[in-house]
Amino acid sequence: MIFNSLTFLVFMVLAVALYWSLGTKWRLWMIFLMSLVFYGFWRVEFIGVMLLSTVTDYFVSLELGKDKHSPKTRKRLLIISLTVNLGLLFIFKYLLFFADNTISLINWLGWSVNDVTWKIILPLGISFYTFQTLSYTIDVYRRHYEPVRNFALYASYVTFFPQLVAGPVLRAAEVVEQLKRRPTFQLPYIEQGLKRILYGLFLKVVLADNIAPIVDTGFGIDATQYGGLDVWTLSFLFGMQIYFDFAGYSHIAIGCAKLMGIEFPENFNFPYAARSFKEFWKRWHISLSSWIRDYLYLPLAGIKVLSTESRSKGGLNVTEGTRKSKNTALFLTWAIMGFWHGANWTFILWGIYHSVMIFAERLINKLTVKRSIKINKRVAWIATLGFAMLGWVPFRAENLGDAFTMFSKIFIPSTYLQMAMRENVYLITALITLLVIAAYELDRVAKRYDWEQSLVFAPAQVLKYTTMIVLVYIFFRPINQFIYFQF
């Protein structure tokens, strides 16, 4: 079941009605069972995989919460959770990758081994729900969070259908208490939720789905035929497509939760307005980047991780890693981040690309501070936007060869005179980029001058939502799944 379908709209209406009607006990079981139904619309047989991860971490965390266990026993319990969750990811997502590459290496060394002919279907959303259950278990292990003893409450948190297959990646501290204590029903929940859902559907069915065929056609061209302008155009165009697609999903997920009075953390905040790669990742897929920071980068860098509560009170990390360990952790973290996105060398290249950009920023910042140099904010934004868009090349390219070929084109001035795509593709890309920039500036100005008090606010809102509703109605059809469903 996908968000941009009539089936989901009917499903959502039923879920919201039951949520506000049932008592606490049955409400939690309803969320859990409805989430299983939601997931089962894709493939029923993979519900068992999700339940294996869910049940394992439930019982492991209960044991971790007991004071009787020694540190060694607690580590063993954590290892059980890591083994099950990462084992599921390895089997379904990475086994074929390692098998294929091992066979290729053996054949390259001179032995003859037949290629792998069997296939493994990737369970929908496995990368998201395994990360979510892992964060819960690790927080309990670190004694940052008390284990949830009510299975229906815990299972509702893990499988909650709005964010089940593509995030946001929720921490237990962010949502469990909200699920446990339902607020008093208020009409603004419905109003705000529907607005967010409309925003999400607009980004998905009106923008992302109509850009997708142009991107597919562009990347379907032989990479050797591209000119430098083609590479820039395709990187910007796909950058906009994946932004509209994923931000659209996040808007719908946040809106669906809001219909039930539940607040999800924001997952996007105008990432293409960032002035550095560090800032970019504070604005893009915020829940995942913060997860990677807290559960991977900081431990690898030797930095103590504080609880969410300690952070909110202004607590500081007390164990600082060395510069060497931080840089090593940076490259290792981003390689893993890329690999998380997909079992392909192109994703690893994408991760390494971002680590190089962030490492370069560290060096530049050190130099500018040392020499009291101030970088112009507009120059920083333009540079970040350009390099961030180029980073989408390996993410979308079919293979490493295509990715490197495309990168090489931008350094050959003579190739900028050749155009491999139709003229309107370049114009469409420029127009979309300008509209995104304009949307950010309008949002910034509106917040600064509190334009909700303006006389034109109400008519402008009516016009905006009417236009969005009409366009969503025209384009509303389940053409494409959300891009992040494949991760």
Side-chain angles (χ1 to χ4, degrees), residues 207-208 211 214-215 218-219 221 223 226-247 268-285 289 330 334 337-338 341 346-347 349-365 367-368 373-397 400 402-421 425-441 444:
L207 298 178
I211 295 173
I214 306 174
V215 172
F219 275 92
I221 298 172
Y226 294 133
L229 183 59
D230 295 319
V231 176
W232 282 107
T233 300
L234 284 174
S235 63
F236 268 75
L237 197 58
F238 177 67
M240 293 301 173
Q241 180 201 352
I242 194 171
Y243 171 54
F244 294 144
D245 192 282
F246 197 17
F268 286 86
N269 180 24
F270 292 104
Y272 294 138
R275 297 183 184 131
S276 68
F277 270 77
K278 182 178 180 179
E279 182 186 352
F280 177 83
W281 282 101
K282 288 183 177 180
R283 292 172 173 266
W284 178 281
H285 203 347
S289 58
L330 172 70
W334 274 102
M337 175 78 142
H341 278 83
T346 55
F347 291 111
L349 175 60
W350 172 81
I352 293 174
Y353 176 92
H354 278 269
S355 65
V356 170
M357 292 296 107
I358 295 172
F359 179 70
E361 284 180 354
R362 289 180 177 179
L363 295 179
I364 292 172
N365 290 338
L367 179 64
T368 54
I373 300 172
K374 190 173 182 180
I375 299 177
N376 182 275
K377 292 181 179 179
R378 194 171 298 276
V379 171
W381 167 68
I382 292 174
T384 301
L385 179 63
F387 283 113
M389 288 303 189
L390 277 182
W392 292 120
V393 168
F395 197 95
R396 181 58 177 80
L400 284 177
D402 286 353
F404 284 123
T405 298
M406 293 180 72
F407 277 139
S408 69
K409 296 290 184 176
I410 65 174
F411 299 108
I412 307 176
S414 62
T415 65
Y416 283 79
L417 299 176
Q418 66 186 67
M419 296 184 183
M421 299 179 292
V425 175
Y426 310 98
L427 296 176
I428 290 171
T429 304
L431 178 61
I432 292 173
T433 303
L434 290 174
L435 288 175
V436 169
I437 295 171
Y440 168 71
E441 291 297 332
R444 188 171 61 86

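Below, all heavy atoms of this structure are taken into account, side chains as well, without hydrogens, waters or symmetry copies.
One N or O on the side chain of Tyr226 and one on the backbone of Ile221 form a donor-acceptor pair closer than 3.5 Å. Although no hydrogens or angles enter the test, the distance criterion places a donor-acceptor pair under 3.5 Å between the side chain of Ser289 and the main chain of Trp281.
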Contacts under 3.5 angstrom, residues 382-389 side chains, donor-acceptor by atom type, not counting sequence neighbours:
residue, atom, partner, partner atom, Å
Thr384, OG1, Arg275, O, 3.0
Thr384, OG1, Ser276, N, 3.2
Thr384, OG1, Ala380, O, 2.8

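No side-chain heavy atom of Ile432 sits under 4.5 Å from any side-chain heavy atom of Phe236. Counting heavy atoms from C-beta outward, Tyr426 and Met419 have side chains that approach closer than 4.5 Å.
Once rounded to the nearest 0.5 Å, the distance linking OG1 of Thr368 with CD1 of Ile375 reads 5.0 Å. For the atom pair Leu330 CG and Arg362 CZ, the distance stands at 4.5 Å (nearest 0.5 Å). In this structure, NE2 in His285 is found 5.5 Å from NE2 in His341, a value given to the nearest 0.5 Å. Interatomic distance, CG of Leu427 versus OG1 of Thr233, reported as 9.5 Å (0.5 Å rounding). Taking CH2 of Trp284 as the start and CD1 of Ile242 as the end, the distance is 5.0 Å to the nearest 0.5 Å. Residue Thr433 holds its OG1 atom at 4.0 Å from CE of Met240, rounded to the nearest 0.5 Å.
Evaluation of the side-chain hydrogen bond (donor to acceptor under 3.5 Å, both in side chains) rule for Tyr272 yields Trp392 as partners, not counting sequence neighbours. The ring-ring contact (aromatic ring centres under 6.0 Å, His included) test applied to Tyr440 returns Phe270, not counting sequence neighbours. Every residue two or more places apart in sequence or in another chain was checked for a ring-ring contact (aromatic ring centres under 6.0 Å, His included) with Phe219, and none qualifies. Glu361 meets the side-chain hydrogen bond (donor to acceptor under 3.5 Å, both in side chains) test with no other residue; sequence neighbours excluded.
Nearest heavy-atom pair, Trp381 versus Ala274, reported as atom, atom and distance to 0.1 Å: CD1-O, 3.4 Å. A pairwise comparison of heavy atoms in Ala397 and Thr346 identifies O-CG2, 3.9 Å as the closest pair. For the residue pair Asp402 and Ala223, the shortest heavy atom distance occurs at OD1-CB, 3.7 Å. Annotation for Met406 and Val231: closest pair O-CG2, 3.4 Å, computed over non-hydrogen atoms. The two residues Pro394 and Ala403 come nearest to each other via the heavy atoms CA-CB, 4.1 Å.
Here side-chain hydrogen bond (donor to acceptor under 3.5 Å, both in side chains) pairs that include residues 409-419, with residues two or more places apart or in two chains, are Trp232-Tyr416.
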Quiz item: Given the rule in the salt bridge (Lys or Arg N to Asp or Glu O under 4.0 Å) test, do Lys282 and Glu279 qualify, once you have shown the distances and angles that lead to the verdict?
Solution: CA-CA 5 Å; Lys282 288 183 177 180; Glu279 182 186 352; over 6 Å; no

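Aromatic ring pairs are classed by plane angle as parallel below 30°, tilted from 30° to 60° and perpendicular above 60°; the pair Tyr353 and Phe407 is parallel.
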